[in-house]
Amino acid sequence: MAEIGVDISKAIRFLNNNQVVGIPTETVYGLAGNALNSTSITQIFEVKNRPTFDPLICHTHQISEIEKYVTRLPTMAYDLFEKFSPGPITILLPRKNIIPDLVTSGLSNVAFRIPKHYLTLELLRNLDFPLAAPSANPFGYISPTTALHVQAQLGSKIPYILQGGDCNIGVESTIIGFYEENKPYILRLGGLKTEEIEKVTGKILVQNSSSKPSAPGMLESHYAPEKKMYFIKRNDIEIQNNTIHLKNFDVFDINEVGFLGFDEYLEKIPKENQIILAENGNIQLAAQRLFGAMRELDKKNIKIIITFGVPTYQIGLAINDRLQRASTYLQ
Ligand code: AMP
Ligand code: MG
């Protein structure tokens, strides 16, 4: 298994040696390697079992570092980094050739961000290269928000995990791209609220790619537990005696069903099979607990997980995006 610790020099040695290590950030834990070195990047893809057409985000500790690896930093991108970094914002920028094709999956833009975690910032300050770091989970599974989550799934494949405690934000960064100079869009909803971004950009388009079929049906899931998840509406379930009827879907025994709720339990479902993200209704707390809760439910002796999602404001939009992607069935 991987060693877990707070020894930055040890992490530096592994990284300088083109090995990959688990790192904490404010969003989720990353699986980090030298972004300029193909051996390291190849390892990231192998350890995660990630298809090479899915590009990686690069991490540095300051804006002037990013400037070394991109051919242009538009004013608006600079302003966004300056206002929100370190923090959960990633921006796509035209790359220099020093960034290997493997990092960007051959695309002409490279994604950069400055993570807000004192250990990882300290690590980045002491390296001569940016870190490419996708989330430290097997491709398609739930992202890790503690060092132990990383250990549980990738521990046998990596030498070291930097222990940085629980992730503060709990969902991935917001990704911004530019159609053209000063015309930004949101490519992925995430930890930084759209309302905040709009203070710099004005009204911004959300081009979030989460698949939302118009008819209820099966989805290809991502960020997903092994148990099948159903993202449905309260009105689309009916509980009678010991069974729960999911409209358009199946009927289950109430003991086979887990529930992931926002601030309220679901009546009749055994309480031990339910996790409420934030009884006090705090949406930020719900985000912090989201991935851990999905992992916990995944371990329970149940067949399926039901969720109604969370309120659709602030980081709630990113939470619902992840829940939709995690679900096999969507109403
Ligand atoms: P993660 O697994 O959270 O690190 O996800 C990284 C995601 O960032 C990818 O799945 C892409 O959606 C996006 N991304 C990273 N680099 C690029 C790029 N060069 N162009 C477009 N999207 C990118
Ligand atoms: Mg990921």
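Read the numbers this way: they start at 1 and go in the same order the structure lists the ligands and their atoms. All of these numbers come straight from a predicted model, not from anything done at the bench. Side-chain atoms are counted along with the backbone in the values below, which use heavy atoms only and exclude waters and symmetry mates. Numbering of residues begins at 1 and proceeds along the displayed sequence.
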Between T174 and L192 (side chain of the first, backbone of the second, donor and acceptor by atom type, cut-off under 3.5 Å), is there such a pair?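 Checking the backbone N and O of L192 against the side chain of T174, a donor-acceptor pair under 3.5 Å is found.
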
Does [X] [atom1] have over 12 foreign heavy atoms under 6.0 Å away?
{"X": "K303", "atom1": "NZ", "value": "no"}
{"X": "N49", "atom1": "CG", "value": "no"}
{"X": "Q62", "atom1": "CD", "value": "yes"}
{"X": "N280", "atom1": "CG", "value": "yes"}

Does any N or O atom in [X] lie less than 3.5 angstrom from one in ligand 1, N or O only?
{"X": "K48", "result": "no"}
{"X": "R50", "result": "yes"}
{"X": "R188", "result": "yes"}

Which protein heavy atom lies closest to [atom], and at what distance to 0.1 Å?
{"atom": "atom 23 (C) of ligand 1", "result": "P55 CG, 3.5 Å"}
{"atom": "atom 19 (N) of ligand 1", "result": "N109 O, 2.7 Å"}
{"atom": "atom 18 (C) of ligand 1", "result": "L92 CD2, 3.6 Å"}

Evaluating non-hydrogen atoms only, which member of I57, L107, D54, T90 is closest to atom 10 (O) of ligand 1?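 Nearest option to atom 10 (O) of ligand 1, by heavy atoms: D54.
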
Winner among L187, I175, I44 once heavy atoms are compared against atom 7 (C) of ligand 1: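 Nearest heavy atom to atom 7 (C) of ligand 1 lies in I175.
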
What I want to find out is whether E196 reaches K83 closely enough, with some N-O distance under 4.0 Å, to be called a salt bridge.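 K83 and E196: not salt-bridged.
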
If the threshold is 4.0 Å, N to carboxylate O, is there a salt bridge linking R72 and E181?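 A salt bridge links R72 with E181.
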
Quick one: does atom 12 (O) of ligand 1 have a protein heavy atom under 4.0 Å from it?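 When distances to the protein are checked, atom 12 (O) of ligand 1 has no heavy atom within 4.0 Å.
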
Would S143 count as a contact for the Mg ion (ligand 2), in the sense that one of its N, O or S atoms lies under 2.8 Å from it?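 So S143 does not bind the Mg ion (ligand 2) by this criterion.
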
Quick check: closest heavy atoms across I269 and V257, and the distance to 0.1 Å?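 Shortest heavy-atom contact: CG2-O, 3.5 Å.
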
Counting from 1, what ligand 1 atoms have a heavy atom of [X] closer than 4.0 Å?
{"X": "P134", "value": "4 (O)"}
{"X": "L56", "value": "16 (N)"}
{"X": "S135", "value": "2 (O), 4 (O)"}

Give a yes-or-no answer on whether the side chains of S173 and R188 include a donor-acceptor pair shorter than 3.5 Å.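 Yes.
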
